[in-house]
**Student:** 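I am attaching a structure below and will ask some questions about it afterwards.
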Amino acid sequence: MGLVGAGIGPARAREQFLRGGAVEGTVRSPILNSWQRSRSLGLAPEECELPFRQDLDLDGRLVRAATPVMDRLQSRFAGRNMNVSLADGRGAVLLRRFGDASLVRHLAAIQSVPGFVFAEEFAGTNGIGLALAERQLINVYGAEHFAERSQANACTAIPVRDPLSGRIEGILCLGFPPADAEVALNDVIIRAAGAIERRLLEQSSARERALLQAYLDARSHAPAGEATGNGRPGGPAESPPAATGPAQSGLAESGLDWRDQMMLKERATELISSAQRAAVEVALPGGRRITLLSRPVNSPSGVEGVVIEAVLPAPHQHLAVVSTAAAPGPAPEQVLAPGVPRYGHLSGSGGDRAGAPEGPSGAPRTAERPSGRPLDSPPESPSDRHAEGLAEPPSPGTAGGLVLIGEPGVGTYAVAARRRLELLSEASTRIGTTLDVSRTARELAEMAVPRLADYVTIDLPEAVLRGEEPTDPRTGLYRTVVHGIRDDCPFYPAGERVDLRPSTPQLRCLDDRQPVLEPDLRTAGGWIAQDPAHARRLLGHQVHSLIAVPLLARGIALGTASFYRSRDPAPFGDDDLSLAQELATRAAICIDNARRFTREHTMVLALQHSLLPRSFPEQNAVDVAYRYLPAESGVGGDWFDVIPLSSTRVALVVGDVVGHGLHAAATMGRLRTAARNFAELDLAPDEVLTHLDNLVGRLDREEGTEGPAADSTGIIGATCLYVIYDPTTRQCVMARSGHPPPALVHPDGTVTFPDLPAGPPLGLGGLPFETAEFTLPEGSRLVLYTDGLIGDRDRDVDTSLDLLRRALAQPDRPPEDTCEAVIRAVAPRHPADDIALLVARTHALAPRRIATWDVAADPALVSGVRAAVTRQLAEWGLHEVVFATELLLSELVTNAIRYGSAPIQVRLLHDRTLICEVSDAGSTAPHLRHAAGTDEGGRGLFLVAQLAQAWGTRYTAGGKVIWAECALEAPAGKPDAAEALVDNIPAL
């Protein structure tokens with residue numbers, strides 16, 4: 001019983017553990033952790049000697065509360081082999097009861113005599129010690145006990161807590177033979193522990209009632225005539241009996257609403273917890289001020305408490321104070337000047353009153369009269385006088401009332417509870433302000449220090465930092481955060497991998513998915529075993545208590561947070577454990593949200609990078625450099641491209657899809673692909689934008705027809721700037737659709753922004769796009785960018801453009817250096833949108849590398865053109881391409897003469913390739929086809945396609961241009977390859 005594995009019993013598992021074998025997965029985690037702690041403490045199963053204490057508090061509040069419950073348990077288990085024991089908070093047995101009285105004669109002394117200490121550090125794994133260590137209901141069966149003498153026993157134990165402080169006051173334990181184990185025993189012991197806790201709370205209520213009665217008795221026995229009834233701190237202003245009523249005097253008639261009274265009670269609670277005499281002036285809304293008097297009060301039975309009274313000034317009256325402070329607190333605390341009663345000591349002879357109402361648990365109770373009415377209402381008799389010790393009466397015209405009365409310890413619990421709630425409330429707004437995993441973890445640490453802990457460390461798996469879901473959160477942990485009141489405490493530094501032993505509280509909390517409290521690190525064997533030298537250094541810095549909490553979200557363990565205490569000598573308690581767990585739970589949800597965002601952001605960023613150009617094709621028209629910066633809040637749809645065109649020309653494109661995320665990135669990829677396809681058609685910039693506009697509109701309509709259930713956002717909008725540069729003429733033609741205009745940097749460093757018609761954004765449809773044409777000096781720089789570069793919430797666009805102008809105003813700067821200067825000077829520090837930057841420095845094709853001939857529409861002149869071309873190629877040293885070029889030009893010129901219109905022109909461009917162009921005024925384009933065996937024609941373009949590296953048709957304002965590119969190295973490096981290719985063409 002109690003094992004989680006199969007095929008192995010508890011006795012064999014224990015033997016295997018003691019021999020040093022692995023038993024993980026075969027023994028429950030609390031038992032295995034206890035075994036490991038017992039071994040680390042140096043305990044031996046056969047030599048667990050228990051200390052015996054004689055200084056037991058057998059008349060303490062725990063024994064008084066538990067005795068009737070223990071007696072009822074004895075009656076319930078009458079005649080059964082049941083050993084009922086009650087231990088104190090250190091594991092020492094205080095009381096024992098037996099179902100069968102004869103058991104006392106047969107049991108060993110440690111099982112029958114009170115006084116033996118069963119703490120885990122002495123007895124190893126047992127019910128009392130394990131309940132103290134795990135701080136929860138525990139079952140231990142037979143061989144799960146660490147000591148040899150306990151192997152034949154089973155037990156069920158549960159902590160008994162003080163309802164006010166939450167501190168463990170003791171342990172209730174049921175011992176029985178393993179054969180008698182039953183689930184119902186858990187319910188019995190839970191109800192019994194609850195009954196003891198209720199009786200502890202009743203004791204606190206009785207002590208509070210005694211204080212209240214002492215206060216009332218002190219007031220009722222005050223000497224008659226010592227002071228007038230007007231303005232008594234302990235009661236309302238005296239008035240004729242007929243006029244006295246609950247709403248006409250004291251706090252009730254002062255005009256204070258429930259909010260004002262709550263403020264007074266909160267401040268009064270702090271005064272009670274301070275246990276000091278004080279006079280505090282509390283500022284209320286509307287400029288009103290109330291003075292609270294704090295003074296001690298004792299009951300005849302010796303209960304010490306504090307009473308808080310309010311002194312209310314009459315209208316237009318302000319209580320004068322002198323600057324003498326008495327008790328700590330947020331409000332200024334001042335001793336009243338003459339005319340205001342000085343605080344004395346209240347005592348009374350009355351005992352507990354059976355009919356007195358009980359106060360709420362966990363906080364000082366609002367004082368009430370025996371009849372149940374609040375004491376800030378008028379008394380039942382106008383004969384009440386000042387309490388003993390009030391030497392001077394208050395000023396005429398003032399009124400007062402009792403606010404709170406209670407024990408300082410109870411007030412401390414109430415203040416601590418309120419501060420825990422304040423901390424949780426503040427944490428909900430301060431943790432998770434970003435979607436960064438590491439930053440969210442640091443916010444948890446900053447929230448906890450110093451209000452909960454003095455030091456906080458947070459360990460997260462590397463997978464979580466990458467945005468992935470961890471497969472095993474116990475491995476691959478990295479110290480993500482180290483934060484505390486000092487920087488010199490020797491914790492493992494942040495950023496390093498931490499390999500933790502299974503016995504450490506951090507891995508135990510990850511295994512059990514429950515927080516682990518180590519009240520005293522000096523005796524925490526599992527923690528010390530991780531690194532004894534490191535543990536000694538931490539203990540030398542007064543670090544003495546630890547709470548390890550798993551970071552759980554959606555059932556997934558994301559890491560662990562460790563809270564350490566050093567300045568406060570008191571160890572962490574259960575309330576601290578609950579607060580740390582609540583903080584960690586809230587932070588874990590935020591960390592998981594940040595992790596999932598990181599994963600999605602990484603996926604979208606990877607998608608976007610795959611859709612953006614990784615390198616640009618080789619070309620001689622421009623030198624290019626670029627930068628791409630994703631937005632901090634999410635990946636957007638910015639894109640850019642450099643597309644080589646026919647006849648040494650090049651297209652430069654920059655675009656932006658509105659929005660962020662996966663949809664924007666996917667849309668960007670579709671538009672970039674479409675732009676490249678339209679560019680292959682050799683269209684003008686305005687025609688390319690028109691096609692893109694139609695495409696965006698069609699995509700938007702198609703996605704809009706999917707319906708709301710498809711969760712499609714559609715394409716909200718896109719912008720684009722399309723530029724074509726021709727190095728043979730140095731002409732630059734551009735058009736834009738709602739995109740920022742480019743910057744033009746002349747060779748001398750002069751910066752201008754061309755006056756380019758804006759055009760509508762893509763997708764609106766129905767509106768034309770206009771082009772602008774410029775002649776650029778060689779060495780000019782074209783700077784294309786998206787609006788993320790100049791858009792910043794901290795400055796306007798004109799300021800950004802001025803910064804851009806100054807960053808570009810440098811002559812002869814390479815494109816790479818230009819990108820660096822622009823990003824450094826203009827890019828926002830925290831970009832809210834993507835930034836795409838493309839810089840191109842222009843070149844011109846030398847006139848000596850361009851040859852042009854005008855051809856008349858006469859087939860007989862074709863041979864003359866071939867001869868001129870052959871001479872030009874020889875002049876350029878291109879003998880290897882003479883044969884192929886002659887064939888290409890013969891076919892193209894013949895087609896132009898036969899099917900085209902004059903004027904006809906032939907042009908050769910010597911660049912990376914040899915480009916042959918034949919232009920005419922006709923608009924009819926040739927088409928490649930397979931000629932039949934009986935056809936006399938139709939094989940010319942097939943020959944062109946076989947000999948040329950690429951060919952195509954480009955339309956111009958004056959007609960068309962048919963062009964073909966020839967590689968300057970013959971295929972396979974053989975000069976006669978062209979002739980061989982011609983011989984292999986079918987039917988030629």
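Please read all numbers here as calculations on a predicted model, not as lab measurements.
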**Student:** Checking Phe640 now: which residues fulfil ring pair (Phe, Tyr, Trp, His ring centres under 6.0 Å) with it, not counting sequence neighbours?
**Tutor:** Tyr626
**Student:** So which heavy atom on Ala735 is nearest to which on Leu721, and how close?
**Tutor:** O-CD1, 3.5 Å
**Student:** Are Thr953 and Tyr955 close enough that some pair of their side-chain heavy atoms sits under 4.5 Å apart?
**Tutor:** yes
**Student:** Kindly check if the number of other-residue, nucleotide or ligand heavy atoms within 6.0 Å of CZ (Arg898) is above 12?
**Tutor:** no
**Student:** Just so I know, are the side chains of Thr818 and Arg781 near enough to count as touching, which here means a heavy-atom distance under 4.5 Å?
**Tutor:** yes
**Student:** Measuring from Ser646:OG to Leu681:CG, what's the distance to the nearest 0.5 Å?
**Tutor:** 11.0 Å
**Student:** Roughly how far, to the nearest 0.5 Å, is CG of Leu671 from CG of Asp641?
**Tutor:** 12.0 Å
**Student:** Provide the full list of side chain to side chain donor-acceptor pair (under 3.5 Å) pairs with a residue in residues 802-813, sequence neighbours left out, each pair given once.
**Tutor:** none
**Student:** My understanding is that only residues two or more places apart in sequence, or in another chain, count here; which of them pass side chain to side chain donor-acceptor pair (under 3.5 Å) with Asp755?
**Tutor:** none
**Student:** Between the side chain of Asp686 and the main-chain N/O of Glu770, is any donor-acceptor distance below 3.5 Å?
**Tutor:** no
**Student:** Go through the structure and list residues passing side-chain contact (heavy atoms from CB on, under 4.5 Å) with Glu773, not counting sequence neighbours.
**Tutor:** Gln731, Val733
**Student:** Side-chain contact test, heavy atoms from C-beta onward, threshold under 4.5 Å: evaluate it for Leu782 versus Leu776 and give yes or no.
**Tutor:** yes
**Student:** Could you state the interatomic distance from CG (Leu968) to CD (Glu965), rounded to the nearest 0.5 Å?
**Tutor:** 10.0 Å
**Student:** Would you check if there is a donor-acceptor pair between the side chains of Asp920 and Ser901 at a distance under 3.5 Å?
**Tutor:** no
**Student:** So that I can tick it off, tell me whether Asp792 and Arg829 are bridged by a salt bridge, with the cut-off set at under 4.0 angstrom between side-chain N and carboxylate O.
**Tutor:** no
**Student:** List in chain and number order the residues that pass side-chain contact (heavy atoms from CB on, under 4.5 Å) with Thr690, two or more places apart in sequence or in another chain; answer none if no residue qualifies.
**Tutor:** Asn694, Phe769
**Student:** In chain order, what residues pass the side chain to side chain donor-acceptor pair (under 3.5 Å) check against Glu600, with sequence neighbours excluded?
**Tutor:** none
**Student:** Thinking salt bridges, do Glu816 and Arg841 make one under a 4.0 Å N-O criterion?
**Tutor:** no
**Student:** Please tabulate, for the side chains in residues 866-878, all donor-acceptor contacts under 3.5 angstrom to protein atoms that are two or more places apart in sequence or on a different chain.
**Tutor:**
| residue | atom | partner | partner atom | Å |
| --- | --- | --- | --- | --- |
| Arg866 | NH1 | Ser890 | OG | 3.1 |
| Thr870 | OG1 | Arg866 | O | 2.8 |
| Thr870 | OG1 | Glu886 | OE2 | 2.6 |
| Trp876 | NE1 | Arg848 | O | 3.1 |

**Student:** Please round to the nearest 0.5 Å and tell me the distance separating atom OG1 of Thr842 and atom CD of Glu778.
**Tutor:** 6.5 Å
**Student:** Side chains of Lys960 and Ser919: closer than 4.5 Å at any heavy-atom pair?
**Tutor:** no
**Student:** Return each pair, listed once, that meets ring pair (Phe, Tyr, Trp, His ring centres under 6.0 Å) where at least one residue sits in residues 821-844; pairs must be two or more places apart or across chains.
**Tutor:** none
**Student:** Looking at Gly467, is its backbone amide N or carbonyl O close enough to the side chain of Thr598 to form a donor-acceptor pair, meaning the two atoms are under 3.5 Å apart?
**Tutor:** no
**Student:** Any Lys/Arg nitrogen of Arg912 or Glu618 sitting under 4.0 Å from an Asp/Glu carboxylate oxygen of the other?
**Tutor:** yes
**Student:** Scan side-chain atoms only and decide if Thr775 and Arg730 contain a donor-acceptor pair under the 3.5 Å cut-off.
**Tutor:** no
**Student:** Has Arg954 got a side-chain atom pairing as donor or acceptor with Val961's backbone, closer than 3.5 angstrom?
**Tutor:** no
**Student:** Within the distance-only criterion (no hydrogens, no angle test), does the side chain of Arg736 pair as donor or acceptor with the backbone N or O of Leu756 below 3.5 angstrom?
**Tutor:** yes
**Student:** Could you tell me which residues satisfy side chain to side chain donor-acceptor pair (under 3.5 Å) with Thr750, sequence neighbours excluded, listed by chain and number?
**Tutor:** Asp748
**Student:** Between the main-chain N or O of Pro741 and the side-chain N or O of Tyr785, is there a donor-acceptor pair closer than 3.5 Å?
**Tutor:** yes
**Student:** Please identify each residue that fulfils ring pair (Phe, Tyr, Trp, His ring centres under 6.0 Å) with His691, with sequence neighbours left out.
**Tutor:** Phe678
**Student:** How long is the straight-line distance from CG of Leu892 back to CD1 of Ile962, given to the nearest 0.5 Å?
**Tutor:** 6.0 Å
**Student:** Between Thr667 and His663 (side chain of the first, backbone of the second, donor and acceptor by atom type, cut-off under 3.5 Å), is there such a pair?
**Tutor:** yes
**Student:** Looking at CD1 of Ile850 and OG1 of Thr852, how far apart are the two atoms once the value is rounded to the nearest 0.5 Å?
**Tutor:** 7.0 Å
**Student:** Taking CZ in Phe753 as the centre, count heavy atoms belonging to other residues, nucleotides or ligands within less than 6.0 Å. Is the count above 12?
**Tutor:** yes
**Student:** Residues in side-chain contact (heavy atoms from CB on, under 4.5 Å) with Asp911, at least two apart?
**Tutor:** Asn620, Thr648, Leu845
**Student:** Would you indicate whether the side-chain heavy atoms of Leu612 and Tyr628 approach each other to under 4.5 Å?
**Tutor:** yes
**Student:** Which residues pass the side-chain contact (heavy atoms from CB on, under 4.5 Å) test with Asp858, sequence neighbours left out?
**Tutor:** Ala860, Leu861
**Student:** For Glu680, is there an ion pair with Arg676 - N to carboxylate O distance below 4.0 angstrom?
**Tutor:** no
